[in-house]
Amino acid sequence: MTGQETAQGPKHKRDLTRRKVVAAGAGAVVAVGVGGAFAAGAFAGEETAAGTGKTAGTSGEACYKLTSETTEGPYYIDADKLRRDITEDQEGIPLTLRLKVIDSDTCKPLANAAVDIWHCNALGVYSGYESMGSGGGGGGGGTPPSGTPSGTPTGTPTGAPPGGGGGGGGHEEPTDDERYLRGTWRTDRKGEVVFRTVFPGWYQGRCVHIHTKVHVNGTWTDAGYEGGTTCHTGQLFFDETSVLATAEVAPYSANTTSRTTLDEDTIYPGNGTEGGLLKLKYKKGAIAKGVTATLTMGVDPGATQDGTGDSVQPGASASASAA
């Protein structure tokens with residue numbers, strides 16, 4: 001999502017019955033701090049940690065509030081890769097993202113939901129939009145204008161500045177076939193899903209973030225996940241201290257784009273974990289060795305989100321933007 005994103009959201013929409021995903025195998029991964037652990041099949045180098053935390057809905061645990069809805073941005077590519085390790089060949093600080101999805105009303109875990117995540121690389125570039133530069137056009141790429149501007153502007157400017165923290169249009173069609181740092185996977189019976197990726201970088205007009213969607217009522221087939229509705233569209237955020245620590249590590253240290261802080265960001269709702277602020281764990285002074293990020297997301301499985309941050313009323317068409 002770039003400075004081109006707005007609260008108005010993308011205009012382009014796609015019928016979810018056309019959702020197709022390409023299956024790619026991987027074992028289940030441990031989820032610590034989000035209501036327990038998976039029993040088997042951890043990524044190499046990870047340990048299972050059974051019995052940690054509480055499962056939503058158990059005695060003594062308060063129900064989570066509904067996680068904030070945000071705009072999906074112009075660079076969503078509809079469930080292109082069914083996989084948990086989305087790193088491909090991208091360099092960066094290893095990031096293990098552990099999410100738990102629950103019904104915000106009952107606190108019961110949502111099993112077999114499809115969770116999408118996508119984000120830019122360490123230098124702020126989105127796969128599928130490499131030719132558009134950092135953030136898909138929000139600070140990088142293109143040829144600067146030449147010559148001396150002529151004429152005097154008249155009238156009152158409207159909208160946000162170009163390449164800033166929230167102005168622009170809707171969905172952008174992909175410009176290439178790259179799909180790194182994008183993936184979809186299902187939640188287990190505890191509502192848990194784990195992704196392996198790298199810590200995102202930044203681009204002009206936005207703080208460091210990861211996009212996410214949760215889809216329910218679809219069908220898992222040999223081809224992947226089809227149909228259903230999108231019950232949550234959000235973004236996941238990183239605290240400023242951790243981002244500053246990554247900026248000292250290559251390749252992030254080569255990113256010269258002006259960075260927007262969490263407090264300056266126009267999309268982050270400012271309400272902590274309810275707004276998508278991740279809980280991060282890493283060794284102090286050695287963030288380059290890897291980070292674990294966890295979050296429990298409370299969603300309304302009966303809602304249909306259109307990618308703008310607003311719910312579609314019951315009876316409306318079950319569709320979602322592809323941006």
Side-chain angles (χ1 to χ4, degrees), residues 16 19 21 26-43 46-70 79 82-84 86 96-117 183-197 210-221 224-236 271-281 292-305 311 320:
L16 277 180
R19 290 176 49 84
V21 288
V29 190
V30 171
V32 179
V34 287
F38 293 95
F43 280 118
E46 291 185 348
E47 299 177 356
T48 56
T52 59
K54 295 180 180 179
T55 300
T58 59
S59 176
E61 183 177 22
C63 194
Y64 281 77
K65 293 182 180 179
L66 192 68
T67 300
S68 300
E69 298 291 328
T70 63
L82 187 63
R83 58 186 180 178
R84 280 168 286 190
I86 66 173
T96 300
L97 178 63
R98 296 169 173 167
L99 302 174
K100 183 180 181 74
V101 184
I102 65 170
D103 184 321
S104 62
D105 184 40
T106 66
C107 279
K108 293 182 179 180
L110 286 184
N112 292 319
V115 179
D116 297 337
I117 66 166
T184 302
W185 196 249
R186 74 170 73 189
T187 57
D188 71 355
R189 61 185 179 84
K190 295 180 180 179
E192 298 168 349
V193 63
V194 181
F195 291 96
R196 173 67 60 80
T197 183
I210 293 175
H211 293 270
T212 187
K213 281 180 176 286
V214 178
H215 311 277
V216 294
N217 302 321
T219 301
W220 293 94
T221 69
Y225 186 84
E226 302 177 8
T229 56
T230 302
C231 70
H232 175 67
T233 299
Q235 296 183 31
L236 311 175
N271 51 350
T273 53
E274 184 183 344
L277 185 63
L278 294 163
K279 297 178 181 179
L280 305 182
K281 183 177 180 180
T292 297
T294 62
L295 186 70
T296 296
M297 298 189 296
V299 304
D300 177 2
T304 299
Q305 300 297 336
S311 295

What distance do H232 atom NE2 and S68 atom OG have between them, rounded to the nearest 0.5 Å? 8.0 Å
Once rounded to the nearest 0.5 Å, what's the spacing between atom CG of L99 and atom CD1 of I102? 12.5 Å
Locate the shortest heavy-atom distance separating F195 from I86; write the atom from each residue and the value. CD2-CG2, 4.4 Å
Smallest separation among heavy atoms of L66 and S104, with atom names: CD1-OG, 3.3 Å
Taking all atoms of both residues into account, what is the closest heavy-atom pair of E69 and C231, and its distance? OE2-O, 3.7 Å
Pick one: which of T212, T233, T184, T230 meets side-chain hydrogen bond (donor to acceptor under 3.5 Å, both in side chains) with D116? T184
K65 NZ to T67 OG1 distance, which is reported to the nearest 0.5 Å: 11.5 Å
Pairwise distance CG(L236) to OG1(T273) - rounded to 0.5 angstrom: 11.5 Å
Polar side-chain atom of E192 near backbone of K100 as donor-acceptor pair, under 3.5 Å: no
Between CD of Q235 and NZ of K213, what distance do you get to the nearest 0.5 Å? 10.5 Å
Under 4.5 Å between any side-chain heavy atoms of D105 and D300, yes or no? no
Can you see which heavy atom on D103 is nearest to which on L110, and at what distance? N-CG, 4.1 Å
Any W220 side-chain heavy atom under 4.5 Å of L82 side chain: yes
I want to check something: taking the side chain as every heavy atom from C-beta on, are V214 and T187 in contact at a cut-off of under 4.5 Å? no
Interatomic spacing from CZ in R98 to CZ in R196 - rounded to 0.5 Å: 8.5 Å
Between N217 and P301, the two heavy atoms sitting closest are ND2-O, 4.2 Å
With L97 as reference, evaluate I210, L295, T294, V194 under the side chain to side chain contact (heavy atoms under 4.5 Å, CB included) test and give the passing residue. I210
